[in-house]
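Step one of this worksheet: look at the structure below.
Residue numbers run from 1 in the order of the sequence given.
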Amino acid sequence: MRAQGAWNPLWDQLHDWDPEWTEQFMSMGSLPIRRGVLSPQTVELLCIAVDAACTHMYSPGVRRHIRAALELGVSREEILAVLQLTSVLGIHACNIGVPVLAEELDAFQRRRAEQP
């Protein structure tokens with residue numbers, strides 16, 4: 001991964017402390033790619049989605065995978081669609097937060113109404 005420029009420097013400490021585990025983890029994570037079941041274009045689009053997701057947000061990876069996707073012939077429209085689809089992950093904050101807000105507002109208003 002280092003040789004390919006895919007190494008995240010945030011992994012350095014983990015690798016220093018437990019190189020065997022880190023190597024096994026990286027090997028496991030790259031196995032679907034090494035098997036060649038998915039096209040290289042699909043792999044790059046999935047990597048863009050993972051790196052751009054609100055739970056990950058790793059811009060060096062997004063940049064690297066967009067470059068690779070473009071080199072493989074992936075269109076701007078396809079990359080944009082992946083980014084747009086990935087953006088809906090953030091909607092979960094509203095899916096959870098809005099109903100809780102509604103419940104808490106109702107409870108707040110009931111408490112207020114019960115006060116003398």
So which heavy atom on [X] is nearest to which on [Y], and how close?
X	Y	answer
Pro99	Cys94	CD-O, 3.6 Å
Ala69	Ile48	CB-CD1, 4.1 Å
Thr86	Ala52	CG2-C, 4.0 Å

message: If the condition is side-chain hydrogen bond (donor to acceptor under 3.5 Å, both in side chains), which residues does Ser87 pass it with, not counting sequence neighbours?
response: none
Check for me, please, whether [X] and [Y] land in the same ILVMFWY cluster - side-chain distances under 4.5 Å, paths through other members count.
X	Y	value
Leu72	Ile79	no
Ile33	Leu46	yes
Val43	Val82	no
Leu85	Leu83	no
Leu14	Met28	yes

task: Indicate yes or no for a side-chain donor-acceptor contact from Arg34 to the backbone of Ser27 under 3.5 Å, with no hydrogens or angles considered.
output: yes
- prompt: Within the side chain of Thr42, is there an N or O that forms a donor-acceptor pair under 3.5 Å with the backbone of Leu38?
  reply: no
task: Please test Glu78 against Ser75 for side chain to side chain donor-acceptor pair (under 3.5 Å), starting from the C-alpha separation and ending with a verdict.
output: CA-CA 5 Å; Glu78 290 170 310; Ser75 71; 3.2 Å; yes
[X] side, atom [atom1]; [Y] side, atom [atom2] - distance, nearest 0.5 Å:
X	Y	atom1	atom2	result
His56	Asn8	NE2	CG	7.0 Å
Asp51	Arg64	CG	CZ	6.5 Å
Ile66	Ser59	CD1	OG	10.5 Å
Leu105	Glu103	CG	CD	10.5 Å

message: Using side-chain heavy atoms (C-beta onward) and a distance below 4.5 Å, is Thr22 in contact with Met26?
response: yes
- prompt: His92 versus Asn95: any side-chain heavy-atom pair under 4.5 Å?
  reply: yes
query: Is the CD atom of Glu71 crowded by more than 12 outside heavy atoms at less than 6.0 Å?
result: no
message: If you count every heavy atom of other residues, nucleotides or ligands that lies below 6.0 Å from Glu77 atom CD, does the total exceed 12?
response: yes
